[in-house]
Engineer: 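Quick one: the structure is below, questions incoming.
Heavy-atom basis, side chains included; hydrogens, waters and symmetry copies ignored. Lettering follows sequence order; numbering is per chain, from 1.
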Number of protein chains: 2
Amino acid sequence: MSEQPAGGDLSRLRQLNAAAVLRELRGDQPLTLTELSKRTRLSRASTEDVARDLLGRGWLTEVAPASGSVGRPARRYRFNAGAGRLLGIDIGGHKALALVTDLDGEVLNQSRIEVDPELGRRERLAVLDRCVRKALAGAGVDARQIWSTGVATTGLVDGTGKVMLSDSLPEWTGVDLGAHVRRLVPGPVRVENDCKLAALAETWRGVARYAKDVVFLLAGLRTGAGLIIDGKLHRGFANWSGEIGALPAAGWQQAPDHLHTWLETTPPDARRGADGFERVFVAARAGDREALAAVQAYVQDLAVGASALVLTLDPQLVVIGGGFSRSADVMVEPLRRELDRWCLRTPEIRVSAFADEGVALGAVRLALDEVESTITTGLRP
Amino acid sequence: MSEQPAGGDLSRLRQLNAAAVLRELRGDQPLTLTELSKRTRLSRASTEDVARDLLGRGWLTEVAPASGSVGRPARRYRFNAGAGRLLGIDIGGHKALALVTDLDGEVLNQSRIEVDPELGRRERLAVLDRCVRKALAGAGVDARQIWSTGVATTGLVDGTGKVMLSDSLPEWTGVDLGAHVRRLVPGPVRVENDCKLAALAETWRGVARYAKDVVFLLAGLRTGAGLIIDGKLHRGFANWSGEIGALPAAGWQQAPDHLHTWLETTPPDARRGADGFERVFVAARAGDREALAAVQAYVQDLAVGASALVLTLDPQLVVIGGGFSRSADVMVEPLRRELDRWCLRTPEIRVSAFADEGVALGAVRLALDEVESTITTGLRP
């Protein structure tokens, strides 16, 4: 709409032109200079100029010309996702998980270390370090190749990457996770709450890709929520959104107690071969009446807070994730009935396909956001 | 960033250029052609062209040249808010209120008619008609001068302007308010839920102007909520957001009962000269222990749902509006204490300054949104 500015900062204009070219090349299709010029509305000369510059920096690669062209085939370019690497880390009560990916977020290597929930802060951080080193080594990547890192953690996080409050790991409160990870890898490090990042992963690569307003429920040893509003992760004024579980009336604090009680009063059945919370879901699936009642009571409590979220936001979609989502087959129908009971409109309910890896994938998305904001606003130096 | 397109739809380009000029002139300052050309990045010739066109259509007016200029003073232009009129209507259980404004939303005339809550649908619509005619006549405006109309109503509204569900006025469910008002005035008519529009009014001209994330609580005979998220009214997938009051665990359904009970058991005190619900707040203010206890019990229930909203969204601000907001002096401190009890972070709490006119003002804002979207995307035919 606007015309070419009469004068001004040319190098800035050049950056913006480069960003426009990169945006077009983030799609799957390689493009010719003619196509790029048309899509970016840059002149042919400017487009060539920018492409040469980006090739030199390694952001673009040339791909084989399209076959079947008449005459000399035009050169085609695509974004070079291999120009750098991203790191996504999930550090929680029970595990550390690190993913090394390319700039498209394709996982090159992942490393997981189980953690004892009782571990102290220093030991948990040491596990995190080990997990990152293992993932980097597995991908054959040097830390200096990491352009951007996303870290997911249990608890509420401030803007600098410090854990402000962790209910489930009290000794974790106050840990400066951003500063710690910045000592492991160069480049920007962003830290975010695990439920928020799991929600982000669902809209990026999961079952919520098509939806603009999403309530993500983390159903597991802890119950949590992450909110996607108008296509974006909703953080809130102090980044403390999604914490409805703190309200006793929401029912989430007592929800897992029903499962605990069943587990405590029912000896393991060796034939079923499940352990931990999985036992109650396996028994419910097999038709055990008391297990079914325990799951039903759990879902009833879960549904009160979930209904509060649905009634508040009227989302298009509710996604069930977290450890219990593996047992969604025995949970979804009872949950739908409970939501029907309380909500004016029950949204679609879908189950995450990520098992417990959604959180780390969301951390990769956070790292990618950082890279893309660099692309959108200008180039990495 | 983009250059002049090589070809394409010129009349569309012209529209967009006009929109760019109008956007710049929506501010308070009149601007010269030179200033306009600089701000829009349009050439001087294009700017002159667009300005001539907009003057012809009545969208712009010329204002007196700035004094103290050297040489022949340059002509200055501003947006002509008088080019058209807007209508904002609030139709609820107890009143109809209509505002006639200019294109800046400045109120030229307002008309109010009290309504019996027991009135049937047809009679209520007749009151609405009378109220609109009175407001138009009072402003000396013909219906044909109304460019755009916003209508606020109790109940949930669909995208076409039909009331899908009204709890407080059951016979109102199903009324096609959009179609009804379109028979009164030409131009676009948009209909929206009253709590949502009251929230909108607060971010537009009220106490929430500075805030991007706001929970608006309508505290009155009914309790309701409107949400501003990331600076925009949050509607939800089917426009059914903010309805947490439907959840019994949120406490809002029983909240006013505490006030009712006090009123029923306490004979009016002629010295205090208040009536209706006002009585209990007046008595509480005067230190009546039982009235204070009733207000406290009301606030405790109100705070459960309010805490659910705050914990979910982590807003910067909570605004108290609705009929009871006139008695905020006896409500705000108890409410703050209750929020402190349940929330991880208690946001700032402010009281609406609009008494019961915020809803109609929000309807004007809705009408203005329509005009501004026309300005942004091209010109009104």
Engineer: Quick one: closest heavy-atom pair of D213(A) and F237(B), and the distance?
Structural biologist: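 Nearest heavy atoms, D213(A) then F237(B): OD2-N, 4.4 Å.
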
Engineer: Can you name the residues of residues 310-319 of chain B that have some heavy atom under 4.5 Å away from a heavy atom in chain A?
Structural biologist: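 Within residues 310-319 of chain B, near chain A: L311(B), T312(B), L313(B), D314(B), P315(B), Q316(B).
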
Engineer: I need the contact set between residues 155-162 of chain A and chain B: heavy-atom distance under 4.5 Å, sorted by residue number.
Structural biologist: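 Residues L156(A) are the ones that qualify, each having a heavy atom under 4.5 Å from chain B.
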
Engineer: Select, from A246(B), G245(B), G251(B), the one with the greatest count of heavy-atom pairs under 4.5 Å involving chain A.
Structural biologist: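 Option with the top pair count is A246(B).
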
Engineer: Report which part of I229(A) has an atom under 4.5 Å of a heavy atom belonging to chain B: side chain, backbone, both, or neither.
Structural biologist: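 The side chain, not the backbone.
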
Engineer: Relative to chain A, which segment of A250(B) carries a heavy atom at a distance below 4.5 Å: side chain, backbone, both, or neither?
Structural biologist: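 Contact with chain A is absent: no heavy atom of A250(B) under 4.5 Å.
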
Engineer: Counting only non-hydrogen atoms closer than 4.5 Å, does L344(A) touch chain B with its backbone (N, CA, C, O), its side chain (CB onward), both, or neither?
Structural biologist: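 For L344(A), backbone and side chain are both near chain B.
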
Engineer: Taking side chain as everything from C-beta outward and backbone as N, CA, C, O, which of these in K232(A) sits under 4.5 Å from a heavy atom of chain B? Side chain, backbone, both or neither.
Structural biologist: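 When you check distances to chain B, only side chain atoms of K232(A) fall under 4.5 Å.
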
Engineer: Using 0.5 Å steps for rounding, measure from the CZ atom of R345(B) to the CE atom of M164(A).
Structural biologist: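 Separation between the atoms: 11.0 Å.
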
Engineer: Please state whether the side chain, the backbone, both or neither of A225(A) comes within less than 4.5 Å of a heavy atom of chain B.
Structural biologist: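 No part of A225(A) comes within 4.5 Å of chain B.
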
Engineer: Of all of S307(A), A211(A), A238(A), which one pairs up most often with chain B through heavy atoms under 4.5 Å apart?
Structural biologist: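 The option with the most such pairs is A238(A).
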
Engineer: If I measure from the heavy atoms of chain B, does R235(A) come under 4.5 Å with its side chain, its backbone, both, or neither?
Structural biologist: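 Just the backbone, heavy atoms under 4.5 Å.
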
Engineer: Please state whether the side chain, the backbone, both or neither of L247(B) comes within less than 4.5 Å of a heavy atom of chain A.
Structural biologist: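 Both parts, backbone and side chain.
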
Engineer: Check whether any side-chain heavy atom of D230(B) sits under 4.5 Å from a side-chain heavy atom of D230(A), and report yes or no.
Structural biologist: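 Side chain of D230(B) against side chain of D230(A), heavy atoms only: no contact under 4.5 Å found.
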
Engineer: Applying salt bridge (Lys or Arg N to Asp or Glu O under 4.0 Å), can you list everything that pairs with R44(A), at least two apart in sequence or on another chain?
Structural biologist: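 With neighbours one apart ignored, the set is E48(A).
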
Engineer: Any side chain to side chain donor-acceptor pair (under 3.5 Å) involving residues 236-248 of chain A? Give me the pairs, sequence neighbours left out, ordered by first then second residue.
Structural biologist: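 Sorted pair list: E192(A)-N239(A).
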
